[in-house]
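See below for the structure under consideration.
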Amino acid sequence: MSDRIRFVASVAGVLLLGGTSPALAADFPDDVAEPLVAEGAPVVPGTVTSHPTNNPEALEGVDVTGELEEDAPLPGETEIDLAPEPIIPDKLRDTDAYPDGDYCGPPTNFVKITKNTKNTMAIKYSTFVQNNTSTTKEFRFTSKKSGTTTIGASVTIGSEFKTLWLAKIKVDVQASAQKSWTSELGIETSGKVKAHSTVYGDYGIKKENVYGYTATLYSNCQVGNVTYMDVHAPYREGWVVS
């Protein structure tokens with residue numbers, strides 16, 4: 001945020017008038033989310049849309065310089081503790097073949113989600129407009145840089161556990177989760193900025209965040225090698241206006 005403040009200060013008093021360059025992409029692809037608006041954003045309520053404005057006098061976004069956030073907050077996100085379950089998933093026990101539970105088959109690795117934490121966004125492009133007039137103005141943001149976000153964890157894990165985590169997240173939390181996601185260029189959003197206000201736009205990849213553990217179910221039905229960690233997987237991309 002400090003980089004933003006310094007950059008805005010350097011152009012204070014300048015009205016950023018829009019150009020007439022066509023958008024690189026006319027419509028939002030299916031995998032791009034509708035824009036989110038942060039609480040208290042200096043925009044006219046209900047005006048932010050995924051449909052680009054055709055107003056040639058709309059204020060065009062200016063690039064924000066500086067390092068971009070990898071875990072920027074998403075508006076409206078909550079954290080949920082999941083209902084407790086046995087540490088050994090039932091599907092890993094062959095209770096029909098081994099009813100006494102003394103043998104659970106070959107050692108098997110598994111993962112368990114214990115908390116669905118707040119989702120975040122890996123920002124790939126950031127922009128802003130200033131309205132230094134006494135009236136509302138239309139603005140237009142267009143994503144001009146791209147980037148890739150992959151599944152990851154707070155500790156080093158191998159490909160097997162990444163595969164297990166992705167499958168678990170897709171089934172239990174977020175069906176759109178992917179191993180890797182690359183954001184698109186030319187995706188636009190528009191709206192109206194209030195008088196004497198600056199509005200920001202961040203374009204990036206949304207990350208499904210969970211907390212839980214990896215573990216191994218051994219042949220004697222004992223669980224060991226338990227390691228707790230935060231895990232994220234990309235699941236969509238889009239704009240956040242603030």
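As the structure is a computational prediction, the values presented were derived from the model and not from experiment. Quick note: numbers below take in every heavy atom, side chains included, and nothing from hydrogens, waters or symmetry partners. The chain is numbered in sequence order, starting from 1.
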Quiz item: Below 4.5 Å, heavy atoms only, C-beta onward: do Y125 and D63 meet side chain to side chain?
Solution: yes
Quiz item: Where is the tightest heavy-atom contact between V231 and I169, given as atom of each residue plus distance?
Solution: CG1-CD1, 4.2 Å
Quiz item: Looking at residues at least two apart in the chain, or sitting in another chain, which of them share a side chain to side chain contact (heavy atoms under 4.5 Å, CB included) with L36?
Solution: L74, P75, K206, V240
Quiz item: Checking T189 side chain against T49 main chain: does a donor-acceptor pair fall under 3.5 Å?
Solution: yes
Quiz item: Same cluster or not: are V155 and F161 linked, directly or through other Ile, Leu, Val, Met, Phe, Trp or Tyr residues, by side-chain heavy atoms under 4.5 angstrom apart?
Solution: yes
Quiz item: Of the non-hydrogen atoms in T47 and V44, which two are nearest, and what is the gap between them?
Solution: OG1-O, 2.7 Å
Quiz prompt | T182 OG1 to I205 CD1 distance, which is reported to the nearest 0.5 Å | solution = 6.0 Å
Exercise. Determine the minimum heavy-atom distance between W239 and E188, stating which atoms define it.
Key: NE1-C, 3.8 Å
Quiz item: Can you hop from W181 to M121 via hydrophobic side chains spaced under 4.5 Å?
Solution: no
Self-check item: Donor-acceptor under 3.5 Å (S242 side chain, A41 main chain)
Solution: no
Practice problem: With rounding to the nearest 0.5 Å, note down the distance linking CH2 in W165 to NZ in K112. | Solution: 9.0 Å
Quiz item: Are V173 and Y235 connected in the hydrophobic side-chain network, where two residues link if heavy atoms are under 4.5 Å apart?
Solution: no
Practice problem: Any chance you could lay out the side chain to side chain donor-acceptor pair (under 3.5 Å) test for S126 and D202, step after step, and finish with the verdict? | Solution: CA-CA 4 Å; S126 189; D202 291 323; 2.5 Å; yes
Self-check item: Side chain S190, main chain H51, donor-acceptor under 3.5 Å
Solution: yes
Quiz prompt | Short N-O contact, K124 and E69, less than 4.0 angstrom | solution = no
Quiz item: Between K192 and F139, which heavy-atom pair has the shortest distance, and what is it?
Solution: N-CE2, 3.5 Å
Quiz item: Salt bridge or not for E60 and R140, using N-O below 4.0 Å?
Solution: yes
Practice problem: Please determine which of K207, H232, K118 meets the side-chain hydrogen bond (donor to acceptor under 3.5 Å, both in side chains) test together with D71. | Solution: K207
Exercise. Would you give the length of the straight line joining atom OH of Y218 to atom OG1 of T108, rounded to the nearest 0.5 angstrom?
Key: 11.0 Å
Quiz item: Does S143 use its side chain to pair, donor to acceptor, with the backbone of E184 at less than 3.5 Å?
Solution: yes
Quiz item: Got V32 and Y203 here, is their nearest side-chain heavy-atom distance under 4.5 Å?
Solution: yes
Practice problem: State, to 0.1 Å, how close T114 and G212 come at their nearest heavy-atom pair, and which atoms those are. | Solution: OG1-CA, 3.8 Å
Quiz prompt | Under 3.5 Å: donor-acceptor pair, side chain of K170, backbone of A175 | solution = yes
Exercise. Decide whether L164 and L82 are clustered together by the hydrophobic rule: side chain heavy atoms of Ile, Leu, Val, Met, Phe, Trp, Tyr closer than 4.5 Å, transitively.
Key: yes
Self-check item: Polar side chain donor-acceptor pair, E79 to T117, under 3.5 angstrom
Solution: no
Quiz prompt | Y213 and F110 aromatic ring geometry - parallel, tilted or perpendicular at 30°/60° bounds | solution = perpendicular
Quiz item: For the side-chain hydrogen bond (donor to acceptor under 3.5 Å, both in side chains) test, which of N116, N119, T120, D230 pairs with N209?
Solution: T120
Quiz item: Within the distance-only criterion (no hydrogens, no angle test), does the side chain of S146 pair as donor or acceptor with the backbone N or O of S183 below 3.5 angstrom?
Solution: yes
Practice problem: Mind checking the CD-OG1 spacing from Q178 to T150? Nearest 0.5 Å is all I need. | Solution: 12.5 Å
Quiz item: Would V43 and I187 show up in the same hydrophobic cluster when neighbours are defined by side-chain heavy atoms closer than 4.5 Å?
Solution: yes
Self-check item: Donor-acceptor side-chain pairing of T216 and N109 below 3.5 angstrom
Solution: yes
Quiz prompt | Exercise: identify the closest heavy-atom pair between D31 and R236 | solution = O-CG, 3.1 Å
Quiz item: Distance-only, no hydrogens or angles: does the S219 side chain make a donor-acceptor pair with backbone N or O of C104 under 3.5 Å?
Solution: no
Exercise. To the nearest 0.5 Å, tell me how far E160 CD sits from T214 OG1.
Key: 10.0 Å
Quiz item: Got a second to check how far E138's CD is from N55's CG, nearest 0.5 Å?
Solution: 4.5 Å
